[in-house]
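Within every chain, numbering begins at 1; the chains are lettered A, B, ... in the order of the sequence lines, protein sequences first and strands thereafter. Because the structure is predicted, anything quoted here is derived from the model rather than measured.
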Amino acid sequence: MLGQAKVLIVAGKGGVGKTTLTAVIAYLAAQVGINTLIVELDTRSGVATAFGRSELLNYDEVILYSPDHSTNDSRGTVRARVITPDDALLEYLDDHGLKRVSKRLVSHGMLDIVATAIPGIKDILVLGKIKQLERTDGADLIVVDAPATGHAVTFLSSAVGLVDVAKSGPVRSQAIDVLEMLQDPLRCQVVLVTIPEEMPVNETIEAAFKLEDTVGVKLGPVIVNACYTEIEGLYADLEQVANSQGISLSPSELDVLIQAATFRRERIALQRMQLERLARELPIPQLRTPYVFSTEIGPAQIDLLAQALAASISMLER
Amino acid sequence: MSADPLHYSSLPSDSLSSAGEPKSYYSYYSNHEREDTSISPLADLLEKRSVIICAGPGGVGKTTVSAAFALAAAWLGKRACVVTIDPAKRLANSLGLSELDNTPHQVSGPWPGELWAMMLDTKRTFDELVVRYAPSPEQAESILSNRVYKNLTDALSGTQEYMAAEKLYELHNDDRFDLLVVDTPPTRNALDFLDAPGRLTRFLENRIFRILLMPTKAYLKTLSFATQALLRTISKVTGGEIVEEAIAFFQAFEGMEEGFRLRAQHVDQLLNDPKTAFVLVSSPQQEAIDEAIYFATKLDASRLKPAALILNRLYPRFGEVASLNGVQLQGDLKGFKQNLDDMRSIAVMEDNNLSSLLLSLTDVPVVRMYLLSSDVHDLDGLTTIANWMLGIDQSQQS
């Protein structure tokens, strides 16, 4: 998964752990010596905290993770930056010798007007910038934390739409270049993230087909996040088990333990149903990462998830 | 309702274990002071308001909450209509929404009031709006066939929000309904919904828009040098055809801007009306909480206040099992304890996440709804939720 394409676009419904998985993929890549750049599309992203950093990201790259250079550490670095349409437009205009008007265009809210008239232009500016990064040697792998799935399909379809509308000019060539990148599985793949629940699974299946049909982008494996791990023993007779260890539980204690066990068993049954349905309706490889029972997602949790993801990948390759 | 919301084990046992029923429970109390009141804050809203807008981040169960709101109102004898955006297939089927035709359908059931449901078709709503305001069928047709227009609903962020608000306004003037419940689109920025009508107004009033509306041949002559430079720049970047297409699009809208502006103002007034309630829905996940806080701040800046906060998809709160503390456990018993610890650690995490949201929303009634052991996908499941919303203890019903 990590070595195939230079750009991985991580997409998923809000709340499924898309940003977390973006961090996990970047971290995992760094572990095997791949220098990785995380691209966020929103300054409010929490990807820095996943690496134990507190700063807000902006247009300039920051290092979130680096190997220990004093030892013979062969791991890669993880850097991160934000690309917003306004930033991308300014840079685009500067690059095209239009520096003088660029500030005015942005300050007049021109981008919003143009964006209303020309749907998809904001997205194409951002994707164009990503393509530019892909073409330079700054990183071995670029992991893009895409907008939530509904918006991700729109985001990635922008190139197709603009090629259709624009008959000439730089935007058209930009859109064509972006489309070339999106449609080349050796340059770019989309990793869909979901959780094993009904709505997220529905949305993932729908997004997968739309992305393949309208954009023609290659789908990498789908990552099912927040899977409950089975705990052995939850199906046993609790009272008997306790008695055999000489522990006597009060009726209310028995009740609490049984309710909690029942709850997990039912959630696991629900999860199994959704995982099977996903496999049936979306025949692409499935990776799984566990539910993290933790108050926050920091470096320790990222490490744990990365190990689980690596194990899941090696299971797939076997 | 006297069940302690913090301890799953202290609930009446039949509400937990009746076979075939989704198991969960509901409790409510105000943010600071827990009150043992018998009137749910949500039942109060259903009685006093005519529009309820469920806002919040994506993936928190807004659609289910919205549908349950409308059903609860129907149980209270109201004629309620829920406007949803993208319901899960099985929920849509149970609401009779298998066909997407942009009009409300009545859902029949044993409630004393009426339950109506519709699924919003953004594109069609916009088309209807164009047809309504176009001075002639020809002008409507030229807009509907314009390529920029065709792309607009899909590609312009905020269009779905605006059309939801627009549909709300249309249905508000439909005297078949006492109460409308709107499930807002899952936006990255929940504020888009509030902002959407105003955005179109501002857009229509924009100077550039007015310039573009001038007759094609004459327009360059009348423009200032600076504006010409700006337009040339846009052409350079985007290609001339797009600018021409955009101009054609704006020209097609000529004479309609006043209608649109008035309409947008009316929609905006409705959103600010005292009989309109914003209900903030969030899950306890950090990402959702951050967005909910952001939204609450923005509401506050518009001098609006959420009428209630619904914390949805909370994990059940399980009590402690003191007899197992500090005991070396083996085998299956260890598993039971591990599972309980897992569940209790989620509760800690959730409370942790929620504290900042609760601090930013003082004096807003808080309703906590807990995860069900199955997905809600039928009217029975919705009725269970609706009952909790109304503060009716399921176990006391026959």
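In this structure, no portion of A/Q174 lies under 4.5 Å from any heavy atom of chain B. Heavy-atom distances place both the backbone and the side chain of A/L257 under 4.5 Å from chain B. Proximity to chain A (any heavy atom under 4.5 Å) is restricted, for B/L324, to the side chain, taken from C-beta onward. Interface residue B/Q338: backbone and side-chain heavy atoms are both found under 4.5 Å from chain A. Proximity to chain B (any heavy atom under 4.5 Å) is shown, for A/S157, by neither the backbone nor the side chain. Contacts between A/E232 and chain B at a heavy-atom distance below 4.5 Å involve the backbone alone (N, CA, C, O).
Donor-acceptor pairing under 3.5 Å is recorded for the side chains of B/T63 and B/D183. When only modelled atom types and interatomic distance are considered, B/Q286 and B/N352 share no side-chain donor-acceptor pair under 3.5 Å. Using modelled atom types and a 3.5 Å distance limit, the side chains of A/N202 and A/R277 yield a donor-acceptor pair.
Highest contact tally toward chain A, considering only B/I346, B/D342, B/V60, is held by B/D342 [criterion: heavy-atom pairs under 4.5 Å]. No other option in B/S323, B/A322, B/A288 has as many heavy-atom pairs under 4.5 Å with chain A as B/S323. Of the residues considered (A/L238, A/I195, A/T19), A/L238 shows the highest number of contacts with chain B, using heavy-atom pairs under 4.5 Å.
Shortest non-hydrogen contact noted between A/E91 and A/K129 is OE2-NZ, 2.5 Å.
The residues A/K210 and A/E206 are annotated as salt-bridged, a charged nitrogen and a carboxylate oxygen being separated by less than 4.0 angstrom.
Counting only distance, with no hydrogens or angles, the side chain of B/N339 and the backbone of A/A260 share a donor-acceptor pair below 3.5 Å. At least one donor-acceptor pair under 3.5 Å links the side chain of B/E350 to the backbone N or O of B/Y315.
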